[in-house]
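Inspection log for the structure reproduced underneath, given as structure tokens.
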Amino acid sequence: MAERKTKKETAPKKETTAAVKKQAPKKAAIGEQPEAKKEARVGVFICHCGTNIAGSMDINAVQEYSKSIPNVAYVDNYKYMCSMPGQAVIDKAIKDNKLTGVVVAACSPRLHEPTFRTATKEGGLNPFKFEMANIREQNSWVHMHDPEGATDKAKDAIRIAVAKASLLEDLFPKSVPVERAAMVVGAGVAGMQAALDLANAGIKTYLVEKTPTIGGRMSQLDKTFPTLDCSQCILTPKMVDVGRSENIELMTYCDVESVEGYIGNFDVTIRKKARGVLTPKEAEARGIVGGGCNGCGDCEAVCPVVQPNTFEEGMKPRKAIYIQHPQVVPLIYTIDKESCIKCDLCVKICGDEKRAIDLNQEDEFVKVKVGTAILATGYDIFPIENKTEWGYKRYENVITSLEFERLICASGPTGGHMVRPSDGVAPKKVAFLLCAGSRDNTGIGKPYCSRFCCMYSLKHAHQLIEKMPGCQPYIFYMDIRSFGKMYEEFYYRIQDEGAKFIRGRVSNILEDPATKNLMVYADDTLLDRPMKLEVDLVVLAAAVQPAADTNRTRKLFGVSCSMDGWLLEAHPKLNPCGTTTAGVFLAGACQGPKDIPDTVASAEGAASAASIPIHTGHVELEPYFAQCIEEKCAGCGMCVNLCPYTALALVEKDGRKVMQVTEAKCKGCGTCGGFCPGGAIWMNHFATPQIVAQIDAFLLGGEQ
Amino acid sequence: MAKIKGYPEALEAKLRDRYMYGDDAHPEFTDSVEKISMTIPHMCYQCGTCTASCPSAPRSSYRIRKFVRRVVLGLETEALTDPDLWLCTTCYSCTDRCPRDIAPTDVIMAMRNLAFKRDIIPVNFLKTVQAIYTTGHGVPNNDVNRAARVKLGMDADPPTTHTYKEFIPGIQKILDYYKLKANADRIVKEREG
Amino acid sequence: MEAKHKYAFYLGCIAPNRYPGAEAAAIKTSKKLGIELVELKGASCCPAPGAFGSIDLNVWYAMAARNLVLAEQMKMDIALLCNGCYKSIWEVNHKLKHHDELRDGVNEVLKTIDMEFKGSINVYHLAELMYDKDIVGVDKVRDSVTNPLTGARIAVHYGCHLMKPKKERDFKDQDLLNTEAPTWMEELVAALGATPVEYRQKMQCCGAGGGVRGYDIVHALDIANEKLINLQDAKVDALTDICPFCQLQFDRGQIEIEEKFGVKYNLPVLHYCELLGLAQGMSPQDLALDLHAISCEPFLQKVL
């Protein structure tokens with residue numbers, strides 16, 4: 001014991017290699033194990049969880065049985081083991097009975113393992129001398145109608161846990177320093193807000209954006225609900241702040257190329273896509289003093305190549321050298337390499353002083369080190385033409401809501417004159433189709449609710465009524481989901497303003513080839529009457545889906561996604577910004593459809609969470625890493641290639657090769673330990689003798 | 001003041017609708033419709049896409065959405081005795097468009113199957129059965145057509161059960177296996193004497 | 001030409017017994033396109049999916065399975081020329097191949113007549129084969145034309161049961177899975193030299209299916225009438241179909257519509273095989289077009 005105590009003091013402070021060196025001999029002494037087991041005095045604490053557990057099994061029978069398990073020195077039960085008195089029971093029992101290990105039979109370790117580890121520590125033991133037996137999620141809740149079976153299963157679970165608890169060892173979490181910088185991927189409103197919060201908290205933040213400008217979807221919107229502020233007006237100050245912040249390093253037109261490392265120490269490689277245009281800084285680096293792009297636009301004027309502007313949803317042209325809109329940040333032109341014909345006209349007009357244009361510029365790679373990262377990759381519009389019944393892309397006057405935003409926006413392709421695409425005439429009757437591709441279980445659309453379509457469609461209706469007297473909006477809906485603050489009031493207002501609500505989903509749309517008017521077919525379910533409505537324009541509130549590059553990006557950061565592709569949070573209620581990868585957080589719609597207030601709130605949450613490890617300065621890693629028993633290691637190196645986290649390496653030691661673990665990188669997955677042909681890898685807290693004891697305890701039913 | 005005729009019984013009858021379909025809600029009806037149709041009407045969210053797609057709806061009181069609703073609630077008698085049940089042309093437009101991936105057409109077919117078990121069926125369906133039982137064809141050959149076939153250089157009868165009559169007993173065996181002919185004959189006789 | 005593809009030719013009822021020209025045309029035109037259609041002896045009604053499906057789906061499965069087994073015994077895939085037949089023969093084949101319980105039930109019945117459904121063949125609609133460039137394809141159809149139907153404005157009635165419900169179909173060409181605005185039949189019509197014409201509600205049902213034509217003929221005709229109005233507005237010379245039952249509804253239906261609603265359209269209605277026959281040089285007599293309720297004469301004068 002004395003020897004182990006010394007380790008407790010030294011281990012966390014030692015460098016990785018040293019720590020392994022010190023601990024390895026102990027692991028080699030596996031022969032000591034039976035003796036340790038003989039000394040073991042385990043306490044078993046059975047939780048009722050009110051009636052959650054006690055209602056489905058015989059607690060007394062479980063308690064009586066537990067007393068008979070070898071190495072058990074004390075058994076108790078309590079109504080709520082996690083309560084303060086419950087924890088006190090454990091604390092007292094450890095001291096009174098000189099326990100060496102603790103087993104709590106209760107819920108899932110995901111919920112209360114930290115609680116009981118603390119209680120174990122309070123009692124004077126190493127917190128890792130605690131083992132949990134799950135008799136709730138995996139037992140009482142699923143065997144509610146079989147109390148006898150549940151009781152037997154609980155006995156098994158406790159016997160198995162005791163077997164392991166008898167062999168548990170003292171472990172000491174490793175502390176690693178955290179790099180004082182963060183990265184935010186995606187510079188829409190979520191990414192911008194997160195970056196601003198981090199920067200304002202004094203943290204150096206790299207803001208990586210794949211397009212040439214920051215601003216994202218929100219900069220495409222005209223007005224926001226329910227307040228009807230101009231979206232650009234409230235967004236551009238933030239864009240300017242981001243551009244000016246000393247702590248934010250803006251990396252537009254950049255992709256994350258690779259990510260290595262772990263919380264506190266992520267090494268991220270960024271691909272700076274060749275813009276073809278130099279910033280003043282880049283120009284200076286090339287010795288062009290006072291040069292680089294100043295956003296004058298002379299190049300754009302001479303460029304002969306015309307392409308659709310994606311920011312305007314393709315409804316306005318742009319040149320091969322372009323900025324997406326007048327308010328871009330940074331104000332630097334970009335060359336669309338795909339369509340540029342290298343005619344050199346832009347180079348000539350840019351002139352010898354600025355020399356901002358380099359048609360042969362190549363992609364560059366930049367490496368940065370960050371402590372934490374936030375993904376804010378946002379959403380795209382679902383390709384609604386796949387729902388063929390509504391004729392998007394087949395009929396000119398069927399548009400998406402995002403196209404509507406651009407058409408009604410004063411800075412949009414029509415200067416804010418709401419006209420229909422076929423003939424440029426102002427529409428008099430407009431149909432809005434809600435749930436276009438959302439709440440769709442056909443496999444073509446999306447099964448989820450896209451969450452903000454109801455509200456922006458109400459806003460669209462308002463804009464038509466306000467801007468175009470005499471124009472009648474019809475809203476085809478199944479349910480109006482006005483869940484946010486002041487949203488239901490907004491619904492009331494729009495109804496009062498004269499929008500017509502028809503409770504029915506549109507089955508199909510047909511076009512009159514002569515007038516390009518649209519026949520909208522639906523069932524007015526409230527009147528119980530099928531209807532056909534002729535309108536001038538149809539606006540599809542198309543479903544949203546994760547942005548195109550989301551899947552690639554999430555894999556780089558080791559983040560999971562749910563079945564529909566949205567990034568998976570660590571816990572849907574209690575940890576919505578975290579992920580299962582320590583140090584990586586989620587902001588905004590990449591986690592699921594969100595309106596602007598929810599997006600900003602989520603971004604601030606993510607920024608706060610991402611700043612905690614940075615401000616703490618170090619993080620404790622669970623000590624579940626692999627260790628090499630060097631005496632047994634043959635240096636074959638097969639484990640090195642198997643490791644999914646590149647945590648293992650072969651090193652020279654005393655004239656032979658042995659494996660070495662970078663503990664901070666190791667996630668304790670056990671792939672190497674399970675594979676090692678020589679049994680030379682010791683998995684902390686999941687060591688072979690511990691697991692074998694559990695298996696024996698189960699298969700032998702407690703007989704030795 | 002004169003007493004209103006039939007009260008309070010008439011009022012009782014009027015109020016019956018309030019009792020949440022008490023007398024006529026059979027969960028097992030929902031189950032059997034789902035089993036026969038191999039689809040999931042209980043997942044309907046009443047959006048009306050089906051009715052809006054239906055060629056029969058605008059020219060009749062037939063509402064497929066309401067039939068699916070009746071299945072959800074188990075309103076067996078109300079569904080099976082409604083003559084609109086037989087106005088579905090089985091065009092499958094509703095099935096193609098249903099966002100909940102239900103096949104409402106197959107729900108109707110399943111209900112028609114269940115109606116037949118109660119002898120509820122239009123006679124024309126049974127006459128098709130009778131024609132196939134005797135000839136193997138729902139629309140059998142006739143003399144005008146035979147003459148035309150000969151003129152085209154074809155056999156007067158096509159190489160189906162019309163020419164190969166030895167296949168007809170096999171067809172009859174299949175129909176008899178389900179007692180279809182006997183039931184058809186009985187119901188037609190009851191209706192037409 | 002040596003026939004590269006051989007199919008058991010499933011006739012159904014209405015083609016052989018009401019529009020024998022369509023049957024004759026199918027055999028002759030297919031031969032010119034490298035398809036040999038072999039007699040499927042002893043086949044019966046598919047049986048009518050609306051009528052039998054409504055009465056008892058189990059009978060529908062068993063009766064259709066009997067027809068399938070006849071082709072299985074010939075070791076040949078089936079080709080047919082009727083959407084209704086396609087619904088029964090293709091769909092029952094598909095269902096029995098994929099649902100063990102259904103297949104076992106059907107085989108129990110078939111055992112009483114010494115038959116067994118094995119699921120060893122596939123089922124195709126002739127129109128599908130003509131469009132499939134691995135079998136025939138639009139180009140080959142165009143090449144086979146000797147009498148182009150130049151100047152004729154022809155609209156297509158796709159019908160329902162070939163393509164719908166699309167989620168149960170497995171056509172390899174995406175346009176055959178487009179049940180909202182397909183154009184593959186128009187391509188086949190254009191290949192004959194005619195002008196394909198779009199019209200309102202092109203994909204709407206003819207109104208005859210599901211037993212409705214027998215149950216409530218006025219209702220059924222009202223649906224057909226709506227389409228006829230739309231066709232008249234589109235100024236077409238003829239309507240082509242790939243389903244003899246739809247053809248009956250539009251052709252004979254026009255006489256009934258005149259009787260019941262007092263409106264007259266005189267719109268010739270031809271099966272695509274009949275049209276193809278004309279384009280390949282078959283005479284109206286070869287196609288027994290005189291059996292049609294609505295005279296094809298004005299149309300024929302335009303194209304012959």
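Owing to the predicted nature of the structure, the values given are computational and were not obtained by experimental measurement. Lettering follows sequence order; numbering is per chain, from 1.
- Between A:Phe404 and A:Phe432, the two ring planes are perpendicular [angle over 60°; tilted spans 30° to 60°].
- Here A:Asn508 is the residue among A:Ile444, A:Asp524, A:Val506, A:Asn508 with the most heavy-atom pairs under 4.5 Å with chain B.
- With sequence neighbours excluded, no residue satisfies salt bridge (Lys or Arg N to Asp or Glu O under 4.0 Å) with A:Lys429.
- The candidate with the highest count of non-hydrogen atom pairs below 4.5 Å against chain B, out of A:Lys387, A:Arg503, A:Glu389, is A:Arg503.
- With no hydrogens or angles considered, no side-chain donor-acceptor pair links A:Asp496 and A:Tyr491 at under 3.5 Å.
- For the set B:Ser53, B:Pro58, B:Ser93, the entry with the most heavy-atom pairs within less than 4.5 Å of chain A is B:Ser53.
- Heavy-atom pairs under 4.5 Å with chain A were tallied for B:Cys47, B:Gly48, B:Cys54; the largest tally goes to B:Cys47.
- Ring pair B:Tyr164/B:Phe167 is perpendicular by interplanar angle, where above 60° counts as perpendicular and below 30° as parallel.
- Contacts of A:Asp528 with chain B are made by both backbone and side-chain atoms, with heavy-atom separations under 4.5 Å.
- Note on B:Arg100, B:Arg63, B:Lys66: by heavy-atom pairs under 4.5 Å with chain A, the leading option is B:Arg63.
- Neither the backbone nor the side chain of B:Cys94 comes within contact range of chain A; no heavy atoms are under 4.5 Å apart.
- Within the 4.5 angstrom heavy-atom criterion, atoms from both the backbone and the side chain of B:Arg97 approach chain A.
- The salt bridge (Lys or Arg N to Asp or Glu O under 4.0 Å) search around A:Glu497 returns A:Arg493, not counting sequence neighbours.
- Between A:Phe452 and A:Tyr379, the two ring planes are tilted [angle within 30° to 60°].
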